[in-house]
Peer 1: 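Have a look at this one.
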Amino acid sequence: MPTCGKCDSVFQYETNRVIQIHSANYGTIKWLLHVLVFSYVSFALVKDKLYQEKENVISSVHTKVKGIAAVTEEVTENGVKRIFDTADYTFPLQANSFFVMTNYLKTEGQVQGLCPEFPTPRTICSSDRSCKKGWMDPQSKGVQTGRCIQYKSTVKTCEVSAWCPIEAVEEAPRPALLESAENFTVLIKNNIDFPGHNYTTRNILPGFNISCTFNKTLNPQCPIFRLGDIFRETGDNFSDVAIKGGIMGIEIYWDCNLDKWFHHCRPKYSFRRLDDKTTNESLYPGYNFRYAKYYKESGIEKRTLIKVFGIRFDILVFGSGGKFDIIQLLVYIGSTLSYFGLATFFIDFLISTFSSQCCRTRVYPCCRCCEEWCGVNEYYHRKKCETVVEPSRRLKYVSFVDEPYIRKVDQQLLGESLQNTKGEVIQRPPVDFTELSRLPPSFQEPPSAPLQPGEMQLLGEEVPRSEGSPSWCQCGKCRPSQLSNKTSRCLEELCCRQRPGACITTSAAFQQLVLSRSSLQFLLLYQEPLLALETEEATSRLRHCAYRCYTGWRFGSREVADFAIVPSCCRWRIRTEFPRSEGHYSGFKSPC
Ligand code: GDP
Ligand code: ZN
Ligand code: ZN
C-alpha cells in the first residue's frame, strides 16, 4: 500500500555523517581537551555545588547593646560625672539597624519667643533694612520679625520668632564625649529560614558562652561584638569616627549546605564601612540628627535640644541554602555538554588554518616537519570539505590552459569578449582520480588529470597565428562567433589560452578525452543502450557529450562544469568532428 508523503517525513530520522580521522596527534589533542573540560566541569560542579537547588535566606534580626559611659565634660548636680547607659545612648531605628550615640551638642532651656539669630554671614545685619518680616529661610531656625537687634556687644543679627535661645552653630566636641562607647558590646540575634527546604536555624545555638566576644580567628561564631573591634576589622579608628558619626555595615553571610551527608549551616560575619569616609568637609560628613526633650517649668513649656552624633549599624543578612536536586544536576550536565565540542572546534581550526597554500609557503621555510604537517592537514581538509559554488545564471567559469586556477566571471560585468574579462580567481575543485579507472580503456591511456602548466611543455611553444583568427585569440585556432545576440557572442569570444601558445586542441589529451568517438559512443550507450548511433540526432548528442567531457575534464565538479564556457577553438574543433548538416549551432544555454 503506498504511504502518504507527509507521514513519510514524520517517520524519518536525520543524523550527521562524520569523518573519522585516524591520527595519533589529533587523537591525543582530542583526549587532552576532553580531560581538561571534564576536570573543569567536575570541579565547578563540586565547588559551587551546582547539583543543588538554591534558595535565598529569609531572616529576622534583633540587637541588644550593652555598656556604660561616663562623660567628664558633664557633671550632675551632685558633682559626679554624668553616666550614660543603654537607654541614653541607643535609639530605636527601623529595619535591621541600631544607633549608638558617640557625641552630642546640647542647647538647654529653649522656650518659644523672640530672639536674635546665631551670627553667621547669612544672619548678621547692620540695620532693619537687612531683615525681612515674615522671611523663612530653610537654613534658619525661625521666622524673621524684620528687626535687626544686638546679639552680642559687637554683633547684630536679625530677630526671629523661634525656640530661644537659638542653637549655636558649633563643631562637634573633640574628642567625642562618649569616646568610651568603643567598649560597648552588641549581641546580634539572627533567625533564618529557608521555607522551600523547610529548614530554620539561628546564629545563637543552645549552650553558647554568653561571656564571649567575637574575634575573627579565635572566636568567629560568637554573636557578641565589641564596637571598637568592628572598626578595627575595617581599618578605621573608632575615636575618629565617634566625633562626627558614621555608618557601619555588619554582614551576616549564610552559605548553607542542607544535604544530610555534608550538612553545614553556620553564619560568617564581616564588616564594611558604609558611609563615605573620604567625603569633603563641606558635604556634611558623618551621621547626626537632632532630638528634643520637652518639659514644663513654672507652667512654661521648655525643651532641651540635642544634636546627636553617632554610629548607625546596619545588619545585612544574605546568603543561600542548597539541597541536592536531580533536575538541577541534569540541567547542569546538559549545559556543559556543549563544552565537549571544544575539541572538535579546536582541531577543525588547526586543520583549516594550517592547510592553506600560505601555510606551505610561510611555515615550510622554517622546518621540514611543518611542511609535512601542512600537507597532512591539506589532505584532511580536502576530505572534510565539499566546495559548492553558487548556481547562478549570471556566473560563468573560464579555464585557461596556461593558468593553474579557474576564473569566475559575472556575466553582467561582461563589457567586451570573455577572453579579456578578468573575473575572480577560484581554486580548481579537487578531483578523485581513482574514479577515472572506471572509464573505458581508451580514456585511461593518456594522463587523465587536468593538465598543469608544468606538463604543458608542448603546448607552451609559440605557434604562428592563423589567418582568420580573431584578435582576442592566443592559440590561432579560434573563430569569430556566429551568434547575433551580443552577450552570447561575447561569451563565445574565449580562447583556450591567456598568453600566445599552442592550442589545447592540438594535444593528445584533447584528442582522447574529448574527441574520441568510441569513448563518446560508449558514454551515450551507457545511458541509452538502444540508441541508434548513425543518425543526425546521435551526432548532436555526441557533440554535446564532447562539450561535457571537455568541461568535466577542465573544471572538475559538476556545479562548475555546468556553467563553464568552452573556448572557441575547442567548440569549433568539436563541431568539426561532430557537425550539424545545416552548419548552424545554438551555442551555450544556461542549465537553470
Ligand atoms: P546545438 O546543438 O545546435 O543546439 O548547438 P551547440 O553545438 O552549440 O550545443 C548546444 C548545447 O551544448 C547546449 O545544451 C549548451 O548548453 C551546450 N553548450 C554549448 N556551449 C557550451 C559551453 O560553452 N559550455 C557548456 N557547459 N555547455 C555548452
Ligand atoms: Zn584561440
Ligand atoms: Zn585554442
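As the structure lists them, so they are numbered: ligands from 1, and atoms in each ligand from 1.
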Peer 1: Considering distance alone, does some N or O of Thr551 sit under 3.5 Å from an N or O of ligand 1?
Peer 2: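 By distance alone, the answer is no.
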
Peer 1: Mind checking whether the Zn ion (ligand 2) has an N, O or S of Cys496 under 2.8 Å?
Peer 2: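 Looking at Cys496, which is the residue asked about, there is no N, O or S atom under 2.8 Å from the Zn ion (ligand 2).
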
Peer 1: Does Arg548 approach ligand 1 within less than 4.0 angstrom via side chain, backbone, both or neither, non-hydrogen atoms only?
Peer 2: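 No part of Arg548 comes within reach of ligand 1.
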
Peer 1: Which one of Gln52, Lys49, His264 satisfies the side-chain hydrogen bond (donor to acceptor under 3.5 Å, both in side chains) criterion with Asp259?
Peer 2: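 Only match with Asp259 under side-chain hydrogen bond (donor to acceptor under 3.5 Å, both in side chains): Gln52.
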
Peer 1: Would you say Lys589 and ligand 1 have an N/O pair spaced under 3.5 Å apart?
Peer 2: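 Yes, Lys589 has an N/O under 3.5 Å of an N/O on ligand 1.
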
Peer 1: Quick one: the SG of Cys495, the Zn ion (ligand 2), SG of Cys478 angle, rounded to 10°, please.
Peer 2: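 Once rounded, the angle between the two atoms at the Zn ion (ligand 2) is 110°.
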
Peer 1: Counting only heavy atoms not in Glu582 (residues, nucleotides, ligands), do more than 12 fall under 6.0 Å from its CD?
Peer 2: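 Result for CD/Glu582: enclosed.
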
Peer 1: When you measure from the Zn ion (ligand 2) to the N, O or S atoms of Cys475, does any of those distances fall below 2.8 Å?
Peer 2: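 Yes - counting backbone and side chain alike, Cys475 has an N, O or S atom under 2.8 Å.
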
Peer 1: Using only heavy-atom distances, determine whether the side chains of Asn420 and Glu493 contain a donor-acceptor pair under 3.5 Å.
Peer 2: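 Glu493 and Asn420 do not have a side-chain donor-acceptor pair below 3.5 Å.
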
Peer 1: Is the shortest N/O to N/O distance between Ile565 and ligand 1 below 3.5 Å?
Peer 2: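 No, there is no polar N/O contact under 3.5 Å.
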
Peer 1: When you take the SG atom of each Cys, Cys256 and Cys265, is the space between them under 2.5 Å?
Peer 2: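 With an SG-SG separation under 2.5 Å, Cys256 and Cys265 do form a disulfide.
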
Peer 1: Backbone or side chain, does Cys503 get an N/O/S atom under 2.8 Å to the Zn ion (ligand 3)?
Peer 2: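 Within the cut-off used here (under 2.8 Å), Cys503 does place an N, O or S atom near the Zn ion (ligand 3).
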
Peer 1: Test: side chain to side chain donor-acceptor pair (under 3.5 Å). Region: residues 324-346. Which pairs qualify, not counting sequence neighbours?
Peer 2: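 Sorted result for residues 324-346: empty, none.
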
Peer 1: Hey, does Phe563 come in under 3.5 Å of ligand 1, counting only N/O atoms on both sides?
Peer 2: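 No; every N/O pair is 3.5 Å or more apart.
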
Peer 1: Going by the side chain to side chain contact (heavy atoms under 4.5 Å, CB included) test, name the single residue among Arg497, Arg573, Arg554 that passes it with Ile504.
Peer 2: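 Filter result, single survivor: Arg554.
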
Peer 1: Is there any N or O on Ser540 that sits under 3.5 Å from an N or O of ligand 1?
Peer 2: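 Between Ser540 and ligand 1, no N or O pair is found under 3.5 Å apart.
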
Peer 1: Counting only N and O atoms by type, is there a donor-acceptor contact under 3.5 Å from the side chain of Glu536 to the main-chain atoms of Ser581?
Peer 2: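 Flag set: sc Glu536 to bb Ser581 pair under 3.5 Å.
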
Peer 1: Among all protein heavy atoms in this structure, tell me which lies nearest to atom 10 (C) of ligand 1, with the distance rounded to 0.1 Å.
Peer 2: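 For this ligand atom, the closest protein heavy atom is Gly587 O, 3.3 Å.
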
Peer 1: Where is the nearest protein heavy atom to atom 27 (N) of ligand 1: which residue, which atom, and how far?
Peer 2: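 I find the closest protein heavy atom is Phe588 CD1, 3.4 Å.
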
Peer 1: Could you tell me which atoms of ligand 1, counted from 1 in the order shown, lie closer than 4.0 angstrom to a heavy atom of Ala561?
Peer 2: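 This gives 26 (N) as the contact atoms.
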
